[in-house]
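Here the structure is a predicted model, which means the values were calculated and not measured. Protein chains get the first letters and strands the later ones, always in sequence-line order, with residue 1 at the start of each.
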Amino acid sequence: MSSEKQPERITPRAEDYSRWYLDVIRQASLAEPAEVVKGCMVIKPHGYAIWEKIQRALDDMFKATGHQNAYFPLLIPESFLKKEAEHVEGFSPELAVVTHAGGKELEERYVIRPTSETIIGHFFAKWIESWRDLPLLINQWANVMRWEMRTRMFLRTGEFLWQEGHTAHATHDEAREEVIRMLHVYGDFAETFMAMPVVRGIKTQSEKFAGALESFCIEAMMQDGKALQAGTSHDLGQNFGKAFDVKFQNKEGQQDFVWQTSWGVSTRLIGALIMSHSDDNGLVLPPKLAPVHVVVVPIYGKGADEALVREHGEAIAKELRGVGLTVVFDTRDYKPGFKYFEWEQKGVPLRIEIGPKDIEKNAIAYKDRLAEKKDFRSRDGLGPWASAFMDDFQKRLFERAKQRLADNTIEVDDWETFKKVFEGQESKFVMAHWDGTAETEARIKEELKVTVRCIPLDAKPEEGKCVLTGKPSKRRVLFSKSY
RNA sequence: CGGGGCAUAGCUCAGUCUGGUAGAGCACCUGCUUUGGGAGCAGGGGGCCGUGAGUUCGAAUCCCACUGCCCCGACCA
């Protein structure tokens with residue numbers, strides 16, 4: 001390839017979107033390819049810190065909705081996977097299997113969990129006897145492995161981190177309520193914390209989770225117009241209950257199978273974050289998930305009193321920490337300009353510079369990560385100001401993303417226009433009529449690599465004709481290319 | 001799994017065609033000088049040239065095999 005003088009340069013989005021994505025990850029020190037382990041990645045401290053923020057916020061939301069955390073084994077007896085026909089069919093191509101342990105071949109092979117419905121089903125069967133044991137609301141934070149042909153950091157890797165909620169209920173209605181409740185937890189999380197607007201919807205039968213009756217999802221639009229499934233929530237019906245004999249005695253004294261749900265989000269959310277907000281200068285993070293809110297950079301001018309600058313820097317950092325912000329006072333021995341670039345690439349929302357001139361004027365210089373130039377303001381009232389800045393920053397990110405989603409969501413009624421929208425690498429969110437058949441979905445996917453991302457929950461009934469076949473349709477569905 | 005590319009310093013790569021003591025830039029370390037948008041000078045450390053087997057007096061270089069990684073397609077959170 002070209003022998004770039006600056007290998008640390010970030011490829012502009014317009015030049016090569018997927019290179020840009022990888023460059024941002026590298027420059028922000030979020031992760032790197034595991035290199036010695038196929039298809040896997042190392043999540044570096046700055047990337048993991050974002051995941052920890054995501055975990056904390058979501059975990060609080062799960063607890064608030066009555067769930068408890070537990071942990072199940074990484075290894076699952078191979079026979080378990082086979083108990084639910086559709087489930088095994090969906091996952092078998094991507095399973096990693098343990099065949100040997102302790103120096104000899106295993107009697108029964110284990111698969112490394114691709115998801116835990118089966119082993120959790122096994123234990124639910126032991127734990128549940130009566131309607132009094134229900135609902136059982138469990139969540140697990142774990143790693144899973146799916147052997148993927150092609151990987152992209154955070155979006156699709158062999159091993160990834162996630163949470164998987166697993167619940168059991170006495171009635172289908174109750175399970176259904178849970179599925180919808182968690183879908184909205186995800187939707188709220190995406191919009192409130194990630195500043196990422198999402199479309200809440202139902203998957204088509206061909207896109208749903210293997211083994212579920214129905215899958216719900218939140219779909220987000222990335223900057224290139226493609227959709228990213230950011231979270232899913234499944235109505236498992238009694239499929240796993242029957243496969244694992246998860247029965248309970250109901251109030252009428254009869255045996256019945258439980259109704260189950262499962263729902264999850266993964267480290268893919270970090271990919272979603274990157275592709276929602278970041279720019280050609282690097283990462284941009286919403287304050288609610290940013291590991292560092294403010295970086296304070298000291299400037300030691302000619303003949304300046306270093307100790308004095310340092311003292312002021314410390315005082316500013318302390319003041320900002322006092323209002324709950326995470327602050328780095330960067331006293332490393334680098335030129336200020338070097339630090340500016342580095343922290344910008346890492347997505348810190350606000351930079352404050354403190355030097356002799358500022359001290360003299362009782363001022364600070366600051367740089368908004370979203371602004372072109374830096375600005376100045378008084379030293380007074382820094383805490384409240386910075387705190388309000390973060391709220392505003394979070395809001396600006398959300399508004400910007402919402403605007404982009406609105407601008408790039410269109411209704412299309414004829415096939416020629418539909419094709420034009422998806423020419424080349426182009427993509428938008430297209431609301432169009434669909435005749436509801438898997439055949440039509442397949443044809444569109446084949447020809448344009450476009451799929452039905454979901455049937456939006458808020459889709460209003462509307463008579464129309466399928467954009468491809470002209471057959472009757474009762475509402476529009478969301479079409480897009482996707483990650 | 002198909003097609004393509006690559007493998008030499010921490011990183012990006014030159015050197016391979018035409019065999020002869022291992023190279024550059026960046027990064028790193030030390031010192032001095034600097035500090036408001038990626039500093040400068042001087043000195044320094046760092047290599048099983050992916051692995052294995054050949055050819056040869058001699059292999060990063062030639063031959064064979066293997067492995068790994070990246071990119072593009074078919075599958076997927």
Nearest heavy atom decides the nucleotide; on that basis, is A:Gly355 or A:Ser18 closer to the 5' end of RNA chain B?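 Looking at RNA chain B, the more 5' nearest nucleotide goes with A:Gly355.
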Could you check A:Gly39 against A:Gly231 and say which one's nearest nucleotide on RNA chain B is further toward the 5' end?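 On the 5' side of the pair lies A:Gly39.
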Do any side-chain nitrogens or oxygens of A:Tyr483 fall under 4.0 Å of OP1 or OP2 in B:C75?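 No, no such contact exists.
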So, OP1 or OP2 of B:G36: does either fall under 4.0 Å of a side-chain N or O from A:Lys335?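 Yes, within the criterion.
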The side chain of A:Tyr334 is closest to which nucleotide in this list: B:A74, B:G37, B:C28?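 For A:Tyr334, the side-chain atoms sit closest to B:C28.
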Residue A:Leu22, side-chain heavy atoms: nucleotide from B:G37, B:C71, B:A77 that is nearest: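 Closest of the options to the side chain of A:Leu22: B:C71.
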Cation-pi check, A:Arg396 to A:Phe389: give yes when NZ or CZ is under 6.0 Å from the six-membered ring centre and within 45° of the ring axis, no otherwise.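 So A:Arg396 does make the cation-pi contact.
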For A:Tyr483, does the six-membered ring have the charged nitrogen or CZ of A:Lys226 within the cation-pi criterion, i.e. under 6.0 angstrom from the centroid and within 45° of the normal?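 Geometry flag: set, cation within 6.0 Å and 45°.
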Does [N] pair with anything, Watson-Crick or G-U wobble, both distances under 3.5 Å, and if so, with which nucleotide?
N: B:G38; value: none
N: B:A14; value: none
N: B:G43; value: B:C29
N: B:U56; value: none
N: B:G50; value: B:C66
N: B:U21; value: none

Could you tell me how the ring of A:Tyr17 sits relative to the ring of A:Trp20: parallel (under 30°), tilted (30 to 60°) or perpendicular (over 60°)?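 Answer is tilted, since the angle falls between 30° and 60°.
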Which of parallel (below 30°), tilted (30 to 60°) and perpendicular (above 60°) describes A:Phe62 and A:Tyr186?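 A:Phe62 vs A:Tyr186 ring planes: perpendicular.
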Does A:Glu344 get its side chain close enough to the base of B:G37, under 3.5 Å, for a donor-acceptor pair?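 Flag set: donor-acceptor pair detected.
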Stacking check A:Phe341 vs B:G38 (5.5 Å / 30 deg):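 Here A:Phe341 meets both the 5.5 Å and the 30° conditions.
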Using atom C1' of each nucleotide, how far apart are B:C26 and B:U67 to the nearest Å?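 One C1' to the other, the span is 30 Å.
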Determine the interatomic distance between P on B:C69 and the same-named atom on B:G54; round to the nearest Å.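 Roughly 27 Å separates the two P atoms.
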Look at all strands and tell whether A:Phe209 reaches a base, only sugar-phosphate, or nothing, counting heavy atoms closer than 4.0 Å.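 Touches nothing.
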Taking it one step at a time, do A:Phe80 and A:Phe244 satisfy ring-ring contact (aromatic ring centres under 6.0 Å, His included)? CA-CA 9 Å; A:Phe80 280 27; A:Phe244 287 88; 5.6 Å; yes
